[in-house]
Amino acid sequence: MLEIGHFIGGKRVAGKSGRSQDVMQPMDGSVRGKVALASLAELREAIENAKAAQPAWAATNPQRRVRVLMKFLELAQAEMDELADTLAREHGKTVADAKGDIQRGLEVVEVCIGAPHMLKGEFTDAAGPGIDVYSMRQPLGVVAGITPFNFPAMIPLWKIAPAIAAGNAFILKPSERDPSVPMRIAELFVEAGLPAGILNVVNGDKEVVDGILDDADIKAIGFVGSTPIAQYIYARGCANGKRVQCFGGAKNHMIIMPDADMDQTVDALIGAGYGSAGERCMAISVAVPVGHETAERLIEKLVPRVESLKVGPSTDSSADFGPVVTKEALARIKGYVDTGVQEGAKLLVDGRNFSLQGYENGYYMGGCLFDNVTADMRIYKEEIFGPVLSIVRAATYEDALKLPNEHEMGNGVAIFTRDGDAARDFASRVQAGMVGINVPIPVPIAYYTFGGWKASGFGDLNQHGSDAFRFYTKTKTVTSRWPSGIKDGAEFVIPTMN
Ligand code: NAD
């Protein structure tokens with residue numbers, strides 16, 4: 001049985017609050033162990049460690065700081081198989097997909113090796129007589145990240161790497177569902193040479209999250225999770241004067257134009273809709289074929305593919321996807337399918353009664369596919385976060401474009417077409433943060449930024465890319481004048497460039 005405590009001051013420590021929660025293995029419904037739920041006193045201990053360690057870390061030159069990231073990459077790559085196995089067991093996704101989760105995180109670490117360049121300021125020589133002006137980026141101090149269950153390696157790494165490369169100390173509050181990999185990541189950073197106290201992991205629930213939101217020593221919070229919690233964190237964190245960025249839920253549309261290559265489109269749709277059991281914020285959950293004939297061709301090819309999806313345990317390398325994360329999630333997703341039927345959508349493929357021999361206690365369901373979904377239905381408006389794809393038919397391109405544009409969420413969106421004009425118009429007019437043109441899951445590469453619009457993202461700056469360094473630093477601008485440039489006499493009028 002695993003006993004997962006916290007990672008404070010450079011080492012694993014046992015939980016002291018007396019509160020804990022089971023960590024499950026979704027593929028067979030067994031209990032893997034327990035994770036401690038921190039008290040405010042334990043959070044305080046982590047913050048004190050972070051505060052004590054941060055000034056010396058900020059004073060370490062940036063090239064030496066990123067050498068720790070380089071060493072971490074080496075250690076994490078060497079341990080990829082073990083990390084992926086643990087991740088798959090606690091999350092439910094397949095081992096191959098777990099490797100992708102880790103790899104997308106490591107790619108951001110790679111890009112953060114360029115931190116010394118990203119942290120450079122600006123300089124203007126002779127801005128006035130004897131006057132030079134320069135700006136510098138300084139770390140914020142102690143910052144925190146609160147992350148979701150669905151990418152337990154990638155999302156913590158997206159936050160940790162730029163924050164520590166910029167000279168901050170970091171408190172991570174990972175999801176209580178799959179805490180083992182975030183704990184191991186912290187340990188690997190210390191093995192790579194990160195000073196004790198710069199990266200702390202505090203496991204817990206709402207109690208510790210509220211502690212993070214209210215603690216005056218925490219200067220910034222990066223959150224990823226569902227929209228209601230994102231809104232709560234944003235409002236309370238901002239009210240407490242912190243810098244906050246929150247990334248929320250999604251309902252990602254794929255527009256399928258009549259000229260799209262239907263085989264390629266269906267390949268893309270099946271992977272993006274059902275991979276990781278649909279538990280991705282960039283999963284496609286709505287397919288929008290344009291025109292009756294496109295819809296009929298899509299359905300003809302898609303239905304047999306959904307029917308033949310292979311659902312299996314996370315450790316089965318031939319499975320397309322594994323179980324969903326919890327028993328409650330399984331009940332919620334099946335409940336949405338029931339709702340869709342009651343709302344009058346046509347259930348073309350029903351995966352509700354799927355069960356896997358030998359794994360009867362696992363949290364499995366098969367892929368579900370709805371046709372004739374309309375914009376007023378709950379299954380369209382709300383995020384289901386499961387292996388359920390809805391087809392919403394549109395008569396014209398303009399009707400199709402209206403759907404993502406009028407939806408509350410605006411994370412990712414895609415168009416499949418051979419028509420450059422349509423693709424260009426779509427990229428320009430669609431109201432979402434990340435757009436794919438013949439790319440179903442347009443997660444930007446590590447040196448671009450990631451973030452949704454509308455109810456999918458709150459705050460000004462995105463994750464990774466250049467925005468991450470802006471989020472985790474504050475700018476200081478220095479105006480200097482040397483005696484040779486100073487005129488005699490006091491000046492009472494505001495200086496201008498005249
Ligand atoms: P969640 O909102 O339930 O939990 C996220 C984090 O918030 C966890 O660490 C959790 O412990 C904490 N939390 C949960 N309830 C809380 C409460 N009442 N008060 C304070 N803290 C609380 O999300 P989840 O189920 O772990 O993850 C799935 C969601 O995350 C989906 O909505 C998905 O779309 C979203 N997501 C978004 C992105 C993105 O970049 N936009 C990426 C991944 C996941």
Side-chain angles (χ1 to χ4, degrees), residues 19 21 23 26 35-38 43 90-93 101 104-105 108 144-159 171-179 181-182 201-214 221-237 244-252 276-285 324-326 328-330 332-333 336 382-386 407-413 432-434 441-444 449-459 461-465 467-468:
R19 292 198 310 129
Q21 183 174 313
V23 176
V35 60
L37 303 175
L43 171 64
E90 288 185 8
H91 176 285
K93 63 177 76 175
D101 181 334
R104 284 306 287 241
V108 168
I146 302 163
T147 54
F149 82 84
N150 70 327
F151 280 99
M154 179 183 88
I155 293 177
L157 286 170
W158 283 8
K159 302 193 175 303
I171 311 274
L172 175 69
K173 206 304 279 175
S175 171
E176 55 276 50
R177 315 225 178 285
D178 39 20
V181 169
V201 181
V202 180
N203 284 304
D205 55 9
K206 181 170 167 52
E207 183 174 330
V208 76
V209 170
D210 287 348
I212 290 171
L213 291 171
D214 295 342
I221 300 173
F223 170 88
V224 179
S226 57
T227 290
I229 310 296
Q231 282 170 312
Y232 167 71
I233 304 261
Y234 191 70
R236 189 155 163 178
V244 189
Q245 57 172 196
C246 293
F247 300 94
K251 198 80 182 177
N252 304 319
S276 198
E279 291 174 320
R280 292 179 181 142
C281 70
M282 291 291 275
I284 295 289
S285 47
V324 300
V325 67
T326 57
E328 294 72 30
L330 184 64
R332 193 200 67 235
I333 299 162
Y336 268 114
E382 297 173 19
E383 182 182 44
I384 299 175
F385 220 55
H407 201 281
E408 183 197 2
M409 312 281 189
N411 212 40
V413 68
M434 293 168 283
I441 303 188
V443 176
T449 73
F450 179 109
W453 288 8
K454 301 188 278 186
S456 298
F458 305 89
L461 294 167
N462 279 351
Q463 304 190 87
H464 65 66
D467 276 11

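What you see below is based on every heavy atom in this structure, not just the backbone, and it leaves out hydrogens, waters and symmetry mates. Both ligands and their constituent atoms are indexed starting at 1 by order of listing.
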heavy-atom search around atom 7 (O) of ligand 1 in the protein gives F223 CE1, 3.4 Å
Between the CH2 atom in W158 and the NE2 atom in H464, the distance rounded to the nearest 0.5 Å is 4.0 Å
The answer for which part of T227 has a heavy atom under 4.0 Å from ligand 1 is neither
With heavy atoms and a 4.0 Å threshold, my read on which part of R280 contacts ligand 1 is neither
Correct closest heavy-atom pair for L172 and P182 would be CD2-CB, 3.9 Å
Are E207 and L43 side-chain neighbours, meaning at least one heavy-atom pair lies under 4.5 Å?
no
Review point. Does G248 have a non-hydrogen atom less than 4.0 Å from ligand 1?
Key: yes
The atoms of ligand 1 lying under 4.0 Å from a heavy atom of F247, numbered in the order shown, are 39 (C), 40 (O), 41 (N)
Side-chain heavy atoms of F151 within contact of V181, under 4.5 Å: no
In this structure, CE of M282 is separated from CE of M434 (nearest 0.5 Å) by 4.0 Å
the protein heavy atom lying closest to atom 19 (N) of ligand 1 turns out to be K206 CG, 3.5 Å
The answer for which part of F385 has a heavy atom under 4.0 Å from ligand 1 is side chain
Under 4.0 Å from one or more heavy atoms of E176, ligand 1 contributes atoms 10 (C), 11 (O)
Atom 40 (O) of ligand 1: closest protein heavy atom, distance to 0.1 Å, is F450 CE2, 3.1 Å
At under 4.0 Å between heavy atoms, what of E279 touches ligand 1? The answer is neither
L213 and I233, any side-chain heavy atoms less than 4.5 Å apart = yes
CZ of R177 to CD of E90, rounded to nearest 0.5 Å, is 12.0 Å
- Query: Below 4.5 Å, heavy atoms only, C-beta onward: do R19 and D205 meet side chain to side chain?
  - Reply: yes
If we number the atoms of ligand 1 from 1 as shown, the ones under 4.0 Å from a heavy atom of K173 are 8 (C), 9 (O), 10 (C), 11 (O)
### Heavy atom of N150, distance to ligand 1 below 4.0 Å
yes
Main-chain N/O of C281 paired with N252 side-chain donor or acceptor, under 3.5 Å:
yes
Separation between CG (D101) and CZ (R280), nearest 0.5 Å, reads 9.5 Å
Atom 26 (O) of ligand 1: closest protein heavy atom, distance to 0.1 Å, is F149 N, 3.0 Å
Judged by heavy atoms only, the candidate from V224, I146, V209 nearest atom 5 (C) of ligand 1 is V224
Nearest non-hydrogen protein atom to atom 17 (C) of ligand 1, with distance, is I229 CD1, 3.6 Å
Would you say atom 15 (N) of ligand 1 touches the protein, meaning some protein heavy atom is under 4.0 Å from it? yes
With a 4.5 Å limit on heavy-atom distance, are the side chains of H91 and S276 in contact? yes
closest protein heavy atom to atom 32 (O) of ligand 1 is E383 OE1, 2.6 Å
Checklist entry - Do any nitrogen or oxygen atoms of D210 lie less than 3.5 angstrom from nitrogen or oxygen atoms of ligand 1? => result no
Worksheet item: Can a cation-pi geometry be assigned to K173 and F223, taking NZ or CZ under 6.0 Å from the six-membered ring centre and within 45° of the ring axis?
Response: no
Of all protein heavy atoms, the one nearest atom 39 (C) of ligand 1 is C281 SG, 3.5 Å
Ligand 1 atoms nearer than 4.0 angstrom to some heavy atom of N411 are 41 (N)
| said: Taking E279's backbone N and O only, do any of them form a donor-acceptor pair with N150's side chain (distance below 3.5 Å, no angle check)? | reply: yes
Checking heavy atoms under 4.0 Å, the part of I155 that sits near ligand 1 is side chain
The protein heavy atom nearest to atom 23 (O) of ligand 1 is S226 N, 3.5 Å
